[in-house]
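First the proteins, then the strands, lettered A, B, ... as listed; each starts at 1. The figures that follow rest on heavy atoms only: side chains count, while hydrogens, waters and symmetry mates do not.
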2 protein chains.
Amino acid sequence: MAKVKAVQYGCGPIGCGVTRYAAQKADIEIVGAIDVAQELVGRDLGEVAGLDRKLGVTISAEAEAVLAQTRPDIVFLTTASALKATRPQLETCLKAGINVVSTCEELAYPYWREPELAAEIGALAKRSQVTVLATGVNPGFLMDTWPLFMTGVCQEVKKIRAVRIQNASSRRGPFQKKIGAGCTLAEFQERVAAGTLRHVGLAESIAMIAAGLGWRLDDITETIEPVVAKAPVKTDFVTVSPGQASGVKQIARGLMGGEEVITLEFVASVDAPQSYDAVYISGRPDLEVVIQGGTHGDVATAAVVVNAVPRVLAAPPGLVTMKDLPIVIAQG
Amino acid sequence: MAKVKAVQYGCGPIGCGVTRYAAQKADIEIVGAIDVAQELVGRDLGEVAGLDRKLGVTISAEAEAVLAQTRPDIVFLTTASALKATRPQLETCLKAGINVVSTCEELAYPYWREPELAAEIGALAKRSQVTVLATGVNPGFLMDTWPLFMTGVCQEVKKIRAVRIQNASSRRGPFQKKIGAGCTLAEFQERVAAGTLRHVGLAESIAMIAAGLGWRLDDITETIEPVVAKAPVKTDFVTVSPGQASGVKQIARGLMGGEEVITLEFVASVDAPQSYDAVYISGRPDLEVVIQGGTHGDVATAAVVVNAVPRVLAAPPGLVTMKDLPIVIAQG
């Protein structure tokens, strides 16, 4: 069987994680890499991704040229969380007639926040006869597809609650800083106000769940607050004093008929007592499903993105979402 | 939207469970019922299923006539666990050009045990331009589709183990007797030898997992042994003395390259300390996922069967399995 030819578009930490996994798969060949960062252009992707070998793929800032020269089957698009920021790069891929799997959080289920843009992207993909999927661990799996999957054994669903608790003390330094660990509470609020602290994707996950269940929500709301350290915490990257933020607690709610029917709780802190992911369904029957010890975000995101490739290549043209694809499976 | 017209084929406990759930759904209309049991023919399906109302559907033994008169979109085929026993009824449905969702355990993934028969059924379905799926809680969900679904976040899978522990003390009397509760150990072995005690479907689940992961197994083995009561147990239906069987422990193993790579453990007894379902994946990362309190088999089987209807109606013609369908979701 011919290998799937892939281009890595976006060579930051998530893109590098995708590359590391894709590079080890016998059925995928990475044929190109794109990033505009000056410090990456001209370097070998294998080296940048932290592989112990070169991939013979030089990172280029010229997206159209890379796509034209390499004619990949698929692009791993891992550039930005916001759909508006990802859009031009996505359009470049679609106009070149290439399928895309992206980690763009707002693209995972864009019909709530950006319905017109979603329609445009879907139409462009159809015209180009290619398929676009955005996925990852969250959104893409833990707080949307997994809860929906578990409803399969339910005869009635009244409410869904998904919880993701991460002890981030052993995660990357940038991740620890991103969640506000070590900030004063004033700094934390400033970063919330500036929009740099928010985990993107909870509203998308809620909208995907609702669409899957056939629920028409009245509204989706979100709150962000600091987790406040009670005791000092020290990791390899940050030092947190009592009273400072040790991380973030973000809650999103889906409301229908005045009731909170979907609740997503995302907590990431350097002092969480334990990590776990859980889905709670109120219905017939009630269900409580727990991933003990949680799910490593970076590993899982790269896994889902690459594991989704066969499903995307087999899907009909257009913009697809995880709720309508066949289950994404690791290939042995 | 027009309602989906359904015929209930097989009006035993599982079929009645399917009917009870289907009858409450606004988008399904039950238009016919088939069973050959003398004590059921001529009775109203709603009454037989334990609904508090008649459905206006009289159970008939004449399958072809019912299908010809009612022209359903789908048949719920819940007659037998063995594929050979289900085959003639299945063929009647397919030849009549009607889609089927069945609970026939051996049909859930028939390519291991009955590859030729599977090919024949698939070809017949394609000729008739209809789709066949067999599903349920197990096989169909807990020990195959769910473990496969969870591998989506894994970059490597070395081994999969799925465990289903059921405390059956509050289940139906026939179920408690089926699992051997209250048998002497000699009676238990006689029933194992007669083939009346085995839970059907573990080998099918293993074969489905292997196919999903792209693994070529050397062999699938199964063992059955009694759970031996240490203390007396009394339920509404059986009395178990110490030293008698309180239930069954059945283990199936998938072997590849001399190694046990898939293990399914099915335990149902009237004295299990707690009920739970779990999936353990050894890989990158390891995963441990638990349904606290377990999953009620009869409720869940009816749920999956009925919830699968939109996916089956949208699927391409042929014999499909859960691993290749889009995720089955409860509709709100």
Side-chain angles (χ1 to χ4, degrees), chain A residues 17 20-21 24-25 27 135 137 140-142 145-146 148-158 209-210 212-216 256 261 277-278 281 283-293 295-296 299-304 306-308 314 322-332, chain B residues 17 20-21 24-25 27 135 137 140-142 145-146 148-158 209-210 212-216 256 261 277-278 281 283-293 295-296 299-304 306-308 314 322-332:
Chain A
R20 281 194 300 276
Y21 178 35
Q24 77 177 36
K25 291 193 69 77
D27 52 352
T135 190
V137 72
F141 193 89
L142 288 175
T145 318
W146 181 40
L148 280 174
F149 178 83
M150 296 310 304
T151 72
V153 291
C154 295
Q155 297 193 5
E156 184 183 13
V157 178
K158 291 178 192 161
I209 289 175
L213 294 169
W215 288 354
R216 286 177 172 265
M256 184 168 65
V261 289
D277 295 291
I281 298 174
R284 188 168 75 251
D286 294 335
L287 275 188
E288 176 181 346
V289 198
V290 179
I291 302 177
Q292 313 280 3
T295 316
H296 190 292
V299 172
T301 288
V304 178
V306 176
N307 291 339
M322 289 288 281
K323 80 174 178 61
D324 292 315
L325 276 192
I327 61 170
V328 166
I329 301 172
Q331 298 294 303
Chain B
R20 281 193 300 274
Y21 178 35
Q24 77 178 38
K25 291 191 71 75
D27 53 352
T135 189
V137 71
F141 192 89
L142 288 175
T145 317
W146 181 40
L148 280 174
F149 178 83
M150 295 311 303
T151 72
V153 291
C154 295
Q155 298 193 4
E156 185 182 14
V157 178
K158 291 177 190 161
I209 289 176
L213 294 169
W215 288 354
R216 286 177 172 264
M256 183 168 65
V261 289
D277 295 292
I281 298 174
R284 189 169 74 250
D286 293 337
L287 275 188
E288 177 181 346
V289 198
V290 179
I291 301 178
Q292 313 281 3
T295 315
H296 190 291
V299 173
T301 288
V304 178
V306 176
N307 292 338
M322 288 289 279
K323 82 174 178 61
D324 292 315
L325 275 193
I327 61 170
V328 166
I329 301 172
Q331 299 293 303

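The most heavy-atom pairs under 4.5 Å with chain A, out of B:A308, B:A278, B:A210, B:A303, come from B:A303.
To the nearest 0.5 Å, the span separating CD on B:E156 from CD on A:Q331 amounts to 13.5 Å. Between the NE2 atom of A:H296 and the CD atom of B:Q155 there is a distance of 10.0 Å, given to the nearest 0.5 Å. Rounding to the nearest 0.5 Å places CD1 of B:I329 at 10.0 Å from CD1 of A:I209. In this structure, CD1 in B:I327 is found 8.5 Å from NZ in A:K323, a value given to the nearest 0.5 Å.
Of all non-hydrogen atoms in A:A330 and B:C154, the two that sit nearest each other are CB-O, 3.6 Å.
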I'd like a table of donor-acceptor pairs (distance under 3.5 Å, sequence neighbours excluded) in which one partner is a side-chain atom from residues 285-292 of chain A, with atom names and distances.
from, atom 1, to, atom 2, distance (Å)
A:D286, OD1, A:G283, N, 3.0

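Residues satisfying the side chain to side chain donor-acceptor pair (under 3.5 Å) criterion with A:N307, sequence neighbours excluded, are A:Y21.
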Could you go step by step and tell me if B:F141 and A:M150 meet the side chain to side chain contact (heavy atoms under 4.5 Å, CB included) rule?
CA-CA 9 Å; B:F141 192 89; A:M150 296 310 304; 4.1 Å; yes

One pair to check against side chain to side chain contact (heavy atoms under 4.5 Å, CB included): A:V328 and B:F149. What are the steps and the verdict?
CA-CA 6 Å; A:V328 166; B:F149 178 83; over 6 Å; no

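Contacts of B:T145 with chain A are made by both backbone and side-chain atoms, with heavy-atom separations under 4.5 Å.
The side-chain heavy atoms of B:W146 and A:V153, taken from C-beta on, include no pair separated by under 4.5 Å.
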